[in-house]
4 protein chains.
Amino acid sequence: MARNCITLFTLFCLVSLFQIMPLQAQDEKNIQIPPELTEVWEPEARMVTPGTAAAPPSDAIVLFDGNNLEEWLSAQDDSPARWTINADGSMTVAPGAGDIKTRRLFGDVQLHLEFRTPTVITGDGQGRGNSGVFFQERYEVQVLDNYNNRTYSNGQAGSIYKQYIPLVNVCRPPGEWQTYDIIYTAPRFNKDGIRIQAGTLTVIQNGVLVQNHSEIKGTTEYIGWPQNLAHGPAALKLQDHGNLVSYRNIWIREL
Amino acid sequence: MARNCITLFTLFCLVSLFQIMPLQAQDEKNIQIPPELTEVWEPEARMVTPGTAAAPPSDAIVLFDGNNLEEWLSAQDDSPARWTINADGSMTVAPGAGDIKTRRLFGDVQLHLEFRTPTVITGDGQGRGNSGVFFQERYEVQVLDNYNNRTYSNGQAGSIYKQYIPLVNVCRPPGEWQTYDIIYTAPRFNKDGIRIQAGTLTVIQNGVLVQNHSEIKGTTEYIGWPQNLAHGPAALKLQDHGNLVSYRNIWIREL
Amino acid sequence: MARNCITLFTLFCLVSLFQIMPLQAQDEKNIQIPPELTEVWEPEARMVTPGTAAAPPSDAIVLFDGNNLEEWLSAQDDSPARWTINADGSMTVAPGAGDIKTRRLFGDVQLHLEFRTPTVITGDGQGRGNSGVFFQERYEVQVLDNYNNRTYSNGQAGSIYKQYIPLVNVCRPPGEWQTYDIIYTAPRFNKDGIRIQAGTLTVIQNGVLVQNHSEIKGTTEYIGWPQNLAHGPAALKLQDHGNLVSYRNIWIREL
Amino acid sequence: MARNCITLFTLFCLVSLFQIMPLQAQDEKNIQIPPELTEVWEPEARMVTPGTAAAPPSDAIVLFDGNNLEEWLSAQDDSPARWTINADGSMTVAPGAGDIKTRRLFGDVQLHLEFRTPTVITGDGQGRGNSGVFFQERYEVQVLDNYNNRTYSNGQAGSIYKQYIPLVNVCRPPGEWQTYDIIYTAPRFNKDGIRIQAGTLTVIQNGVLVQNHSEIKGTTEYIGWPQNLAHGPAALKLQDHGNLVSYRNIWIREL
């Protein structure tokens with residue numbers, strides 16, 4: 001390739017320069033070595049068109065864009081999802097309809113979504129604007145209205161529910177749209193069924209880091225202890241916790 | 001605290017319920033244990049007001065908001081920084097003025113900044129829109145115009161320069177503003193001066209993950225090998241690579 | 001230094017060689033670059049004399065060599081430790097004397113110790129040969145007789161108690177000496193008191209890996225949930241669980 | 001299972017106790033919850049018989065026990081390995097015979113081996129007792145005589161060659177047998193061929209930690225830069241570097 005010819009020519013020049021340079025006491029760092037040595041050309045990163053206000057990144061799978069729930073099933077019985085689609089391009093938990101999950105199964109992903117807790121405040125603690133985002137149907141990033149609403153630290157918005165306190169509480173007021181940008185890597189299990197690598201979650205809420213590569217302790221449990229039984233790819237799940245939490249603009253990228 | 005009274009009352013009710021329940025063969029998972037057991041109340045995550053289009057998060061240190069370069073020094077001699085401030089609230093590399101660095105020293109941080117490579121394309125490969133963001137004056141996330149401009153994979157925008165290929169190439173065209181949201185943790189050294197924990201970088205470019213908790217191999221070197229000599233907190237540095245790259249809206253949060 | 005002269009001479013030779021070589025089409029990998037480029041000479045690893053059957057490594061702190069308990073305190077009240085020293089150079093839990101802990105405080109360490117559960121088997125499950133090794137007074141590697149003695153997987157020998165199942169059950173029969181070689185790194189906390197890096201444990205029992213860099217979930221709790229309140233250096237603790245477990249040959253190296 | 005009956009009976013007793021206890025102001029930590037809640041019974045760790053002076057652990061694959069080289073091939077051409085088998089149960093590099101590699105391919109492993117550099121000292125720096133252990137044919141833990149023999153820190157015994165300085169220099173004198181106990185986890189690559197998780201190496205030399213979960217930077221390169229092209233399981237390789245280094249007692253466990 002032409003690249004190599006240029007490289008070699010550069011080398012040749014450098015090398016010639018060497019021989020006419022008086023050799024002086026100097027350490028290895030000053031040796032004039034071609035910088036090409038530490039270039040890596042393969043693999044080439046594939047192109048992705050970044051998202052805009054109107055569109056997600058070009059390699060994202062759009063899970064919800066306001067039009068329909070075709071990507072979603074009822075988590076209980078795999079029937080079509082029955083949450084409410086709103087005129088503004090969002091969807092809202094239909095209390096009693098139960099959790100919904102994606103038809104597709106995922107491993108490591110980057111997820112973007114926006115959520116809104118109800119403007120009319122009812123309840124407190126865990127009872128206010130409660131929902132949740134479950135990775136691989138097991139590991140929950142909490143959705144909750146914690147604007148002037150104290151609950152246990154490992155159960156508030158931005159927490160990995162009952163596992164990790166968020167680094168900060170960066171909730172917007174009820175009724176305002178908030179963002180989650182989440183990087184998830186799945187756990188690994190050996191052939192004996194023992195987990196040999198924890199899954200991880202990095203969570204950015206409203207542009208602020210709330211979880212930094214936290215190693216997931218196991219399944220999210222309301223009562224009791226995380227479990228770590230082996231599993232493969234699984235769905236993304238959104239929780240019906242009986243509150244009128246809304247979602248919009250949900251896309252996911254497989255990593 | 002009142003919280004504890006409620007907790008105890010809940011417990012009492014549950015416990016009473018237990019005794020009147022017929023005991024049946026069931027496994028541990030079905031035991032009705034109070035969920036309070038796995039709540040963690042301390043520490044309480046401190047409040048941060050999230051940023052908006054007009055303002056960064058409330059706990060961010062604003063490094064550049066378009067008004068002045070008071071937070072910056074010339075990296076060569078600690079004199080006042082001499083890059084160009086533009087009418088649109090951005091600043092531009094003043095070729096020859098050299099790299100600039102923050103007055104403040106940092107360890108682990110979340111950084112946000114926006115950059116723009118020149119609309120008028122000149123040069124190619126590493127010669128087009130080249131600049132860089134150095135954490136702790138040593139570890140570079142590359143800034144480059146790689147929109148239809150191939151260079152070595154570990155040297156393109158989104159790379160940890162000469163160390164990590166970006167997961168994807170998500171560059172916007174020259175002349176458009178692009179974002180970097182970066183999470184950096186600093187390396188650790190033992191008392192013998194040996195690095196015992198790699199620093200890490202997670203980089204989101206234009207909303208798309210390009211580095212996922214990559215373990216930094218050592219100092220960024222154009223020629224040769226990363227070094228790992230012990231160091232403490234240090235400045236954030238922006239590179240003058242001779243191209244008219246612009247920056248704006250730079251803020252940083254200490255983690 | 002002489003080293004640099006040799007290096008330069010080598011370079012000079014290589015460079016001369018270059019010029020008389022016909023330049024052919026080849027890629028960067030074939031370029032004859034001096035290997036000195038990727039040598040790192042500083043820091044120099046300090047010398048440690050390895051241990052033998054009779055002595056620990058030269059930089060180890062001997063915590064127990066059979067002679068006395070001078071390095072140990074009663075964990076309850078900081079009075080002198082009151083476990084039994086045996087004629088064979090070991091010590092044995094004196095039930096009722098309570099846990100013992102080191103006078104010294106530690107962070108990251110490599111620990112070696114040998115333990116023996118009683119030859120005369122009494123009890124089963126957790127009741128047989130139970131003791132434990134607590135790092136920083138909080139994080140327990142379980143000691144138990146699990147030779148033909150089933151208990152819960154996350155509570156057997158080689159487990160991080162109630163947190164991590166050992167990769168395998170590699171117990172020797174009761175009455176035989178067993179070894180633990182353990183690498184521990186301490187957790188880190190930020191200024192808000194939130195844990196930002198998990199501690200880790202790598203455990204080799206009787207020469208076989210049972211924990212591989214497992215990220216500690218928090219304090220060891222018999223009942224309930226691990227806690228993660230900030231702390232600094234702390235003692236190593238051995239548990240009195242009422243069984244006549246013996247220890248010998250205990251040394252520790254600060255990492 | 002009987003276990004559950006006992007568990008339930010225990011629960012019942014505890015619960016009864018609760019009701020007759022006067023409820024006092026206390027925090028959640030004092031609540032008497034059954035400890036069974038945090039027991040995990042599945043999976044059960046499989047049994048392994050630990051090794052002795054005469055035998056490796058029961059689940060180890062013996063790669064060399066002094067009898068023959070049946071597990072080994074010449075790395076160059078896959079012909080039978082041609083190193084020298086000695087009467088004392090060891091084998092020695094046959095200079096010119098080239099590197100040897102295992103017939104079997106491996107991923108994550110625990111490796112034990114013993115090595116001996118020549119009693120008669122010849123050469124210095126990298127020229128004295130040089131060999132090496134390559135995981136997956138790519139990633140080298142250096143074997144070298146560094147007893148009173150300085151070389152570059154990232155190239156001495158216990159180093160990950162040209163990547164990681166050992167934490168200490170714990171070499172025995174030439175002619176003495178030394179041990180390596182090594183825990184290796186393989187790197188992971190995504191479907192684009194980009195490495196998304198570094199391999200790791202923990203190395204214990206002569207009972208002393210010299211590498212603690214070091215993240216491998218890429219392939220070992222004498223000249224130039226580590227590469228990170230995707231690969232699957234691969235052989236273990238021992239290096240012929242022209243010196244009469246001997247090996248014995250080599251076994252490996254798949255993790």
Side-chain angles (χ1 to χ4, degrees), chain B residues 7 11 27-28 31 33-48 59 106-110 152-155 162 183-200 213 215 217-219 221-231 233 253-255, chain C residues 7 11 27-29 33-48 59 106-110 152-155 162 183-200 213 215 217-219 221-231 233 253-255:
Chain B
T7 301
L11 259 179
D27 68 62
E28 290 92 342
I31 294 166
I33 295 302
E36 288 78 4
L37 182 65
T38 45
E39 298 176 357
V40 171
W41 288 80
E42 305 300 335
E44 181 176 355
R46 66 183 162 79
M47 299 289 297
V48 171
D59 66 343
F106 299 102
D108 299 357
V109 294
Q110 176 184 3
Y152 39 98
S153 302
N154 67 347
K162 289 204 165 173
I183 303 159
Y184 170 76
T185 62
R188 292 166 66 203
F189 302 86
N190 71 5
K191 62 188 175 198
D192 292 326
I194 294 176
R195 197 197 70 179
I196 55 170
Q197 176 118 27
T200 64
H213 200 70
E215 303 102 351
K217 298 180 179 181
T219 54
E221 303 291 341
Y222 174 54
I223 291 172
W225 193 249
Q227 306 297 314
N228 281 292
L229 298 181
H231 65 85
R253 297 178 57 248
E254 295 180 289
L255 297 178
Chain C
T7 301
L11 261 179
D27 68 65
E28 290 91 344
K29 289 177 191 170
I33 294 301
E36 288 79 3
L37 182 65
T38 45
E39 298 176 359
V40 173
W41 287 81
E42 305 302 337
E44 180 176 357
R46 66 183 162 81
M47 298 289 298
V48 171
D59 67 343
F106 299 103
D108 300 356
V109 293
Q110 177 184 3
Y152 38 99
S153 302
N154 67 348
K162 290 203 164 174
I183 303 159
Y184 169 76
T185 62
R188 292 166 68 202
F189 302 87
N190 71 5
K191 63 189 175 196
D192 292 325
I194 294 176
R195 197 195 69 180
I196 53 169
Q197 176 120 24
T200 63
H213 201 69
E215 303 101 352
K217 297 179 181 182
T219 54
E221 303 290 339
Y222 174 54
I223 292 171
W225 192 249
Q227 306 297 315
N228 282 294
L229 297 182
H231 64 84
R253 298 176 59 248
E254 295 179 290
L255 297 178

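Remember, it's a predicted structure, so these values are computed and weren't measured experimentally. Proteins get letters first, then strands, A, B, ... in listed order; numbering begins at 1 in each. Excluded from the calculations below are hydrogen atoms, water molecules and symmetry mates; all remaining heavy atoms, backbone and side chain alike, are included.
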**OP:** Using non-hydrogen atoms and a 4.5 Å limit, figure out which bit of B/Asp108 sits close to chain C: side chain, backbone, both or neither.
**Re:** side chain
Original post:
Checking B/Glu44 against chain C: side chain, backbone, both or neither under 4.5 Å from a heavy atom?
Top reply: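 Neither; nothing under 4.5 Å.
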Donor-acceptor pair, [X] side chain versus [Y] backbone, under 3.5 Å?
X        : Y        : answer
C/Thr200 : C/His213 : no
B/Thr219 : B/Gln227 : yes
B/Lys162 : B/Glu221 : no

Subject >> Point-to-point distance, once rounded to the nearest 0.5 Å, from CZ of B/Arg253 to CD1 of B/Ile183 >> reply: 9.5 Å
Original post:
Hey, which of B/Asn228, B/Asp192, B/Ile194, B/Leu255 has the most heavy atom pairs under 4.5 Å with chain C?
Top reply: B/Asp192
